[in-house]
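Encoded as structure tokens, the structure appears first; notes follow it.
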Amino acid sequence: MTQRSRRPQERIGHRAPSECPVCGDLLAVIRLGCASCGTELAGVFRSCEFCALNEKETEMLRVFLSSRGNLREVEKYLGVSYPTARLRFAELLEKLGLGEAAEAEATLTRDQILSEVASGALTPAEAQELISRLQ
């Protein structure tokens, strides 16, 4: 594969932040540059709606798309229970502005959350966050 035919993500190793480290507001893309010829464009450009997703959320989206929307396949690939797969998908939809928070919060019970921690599907920090939402 030639340097020119590669996608920009393959040449540039760092992911751009989406939030300001000082105030937490969304960052705007104001400059674009070509690594090959040095051309630069300046202005205020609209950001990609998927660029704010972290690595875990991007992986969830890729798995969901590659499984053609089958949450049972997502469950198997991620090694989590079906309720956890549904919860993660609902959270992804919410972050993209396509879902509702109430659906995500009502998906798992306290016992299911603890079971997920015991199986290693959830970290204790994730479980604590989910349990705090239940109360």
Side-chain angles (χ1 to χ4, degrees):
M1 179 180 307
T2 66
Q3 186 77 352
R4 184 171 267 167
S5 66
R6 288 188 185 151
R7 294 183 307 192
Q9 296 92 338
E10 293 174 340
R11 286 187 274 163
I12 301 171
H14 300 287
R15 186 180 183 110
S18 60
E19 296 177 353
C20 175
V22 176
C23 71
D25 203 0
L26 290 178
L27 292 173
V29 177
I30 59 169
R31 177 164 280 149
L32 298 172
C34 177
S36 180
C37 71
T39 299
E40 289 189 0
L41 300 172
V44 178
F45 302 98
R46 186 180 59 196
S47 180
C48 161
E49 65 184 303
F50 301 106
C51 294
L53 299 178
N54 63 34
E55 294 298 324
K56 186 176 178 181
E57 294 161 338
T58 303
E59 178 68 11
M60 174 68 185
L61 181 58
R62 284 183 182 171
V63 170
F64 181 77
L65 292 173
S66 67
S67 67
R68 294 174 171 41
N70 184 330
L71 282 176
R72 291 287 178 197
E73 291 296 317
V74 172
E75 167 192 6
K76 290 176 188 173
Y77 181 86
L78 297 177
V80 299
S81 70
Y82 184 79
T84 299
R86 274 193 59 208
L87 175 67
R88 290 185 184 174
F89 187 66
E91 290 172 342
L92 177 64
L93 289 175
E94 182 182 346
K95 187 162 185 181
L96 291 171
L98 302 171
E100 297 179 18
E103 178 186 344
E105 291 175 7
T107 303
L108 292 175
T109 66
R110 186 178 193 283
D111 289 338
Q112 288 172 323
I113 293 168
L114 294 175
S115 174
E116 294 294 309
V117 173
S119 71
L122 284 176
T123 67
E126 290 172 324
Q128 183 179 10
E129 164 94 19
L130 293 172
I131 289 173
S132 70
R133 290 184 196 172
L134 295 175
Q135 300 171 348

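Computed from a prediction, not measured in an experiment: that's the story for all the values here.
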Side-chain contact test, heavy atoms from C-beta onward, threshold under 4.5 Å: evaluate it for L71 versus Y82 and give yes or no.
yes
Nearest 0.5 Å, please: how far is CZ in F45 from CG in L32?
4.5 Å
Should we count CD of Q128 as having more than 12 external heavy atoms under 6.0 Å?
no
Do I30 and L41 sit in one hydrophobic cluster, given that two such residues count as connected whenever their side-chain heavy atoms are within less than 4.5 Å of each other, even indirectly?
no
Going from CD on E91 to CG on L96, what distance comes out if it is rounded to the nearest 0.5 angstrom?
12.0 Å
Intermediate values then yes/no, salt bridge (charged side-chain N to carboxylate O under 4.0 Å, His left out), R72 and E75:
CA-CA 5 Å; R72 291 287 178 197; E75 167 192 6; 3.2 Å; yes
Could you state whether L65 and F50 fall into the same hydrophobic cluster, counting links through intermediate Ile, Leu, Val, Met, Phe, Trp or Tyr residues with side-chain heavy atoms under 4.5 angstrom apart?
yes
Between T109 and Q112 the two heavy atoms that sit nearest each other are N-OE1, 2.8 Å
Quick check: closest heavy atoms across V74 and A85, and the distance to 0.1 Å?
CG1-CB, 4.3 Å
Return the minimal non-hydrogen interatomic distance between A127 and I113, and the atom names on each side.
CB-CG2, 3.6 Å
Find the distance between CG (L61) and CG (L93) and round it off to the nearest 0.5 Å.
9.0 Å
For R68, check salt bridge (Lys or Arg N to Asp or Glu O under 4.0 Å) against everything at least two apart and list the hits.
none
To the nearest 0.5 angstrom, please state how far the CG atom of L92 sits from the CZ atom of R88.
11.5 Å
Rounded distance (nearest 0.5 Å) linking atom OH of Y77 with atom CZ of R62:
10.0 Å
Output for pair (F64 CZ, L78 CG), nearest 0.5 Å, gives 12.0 Å
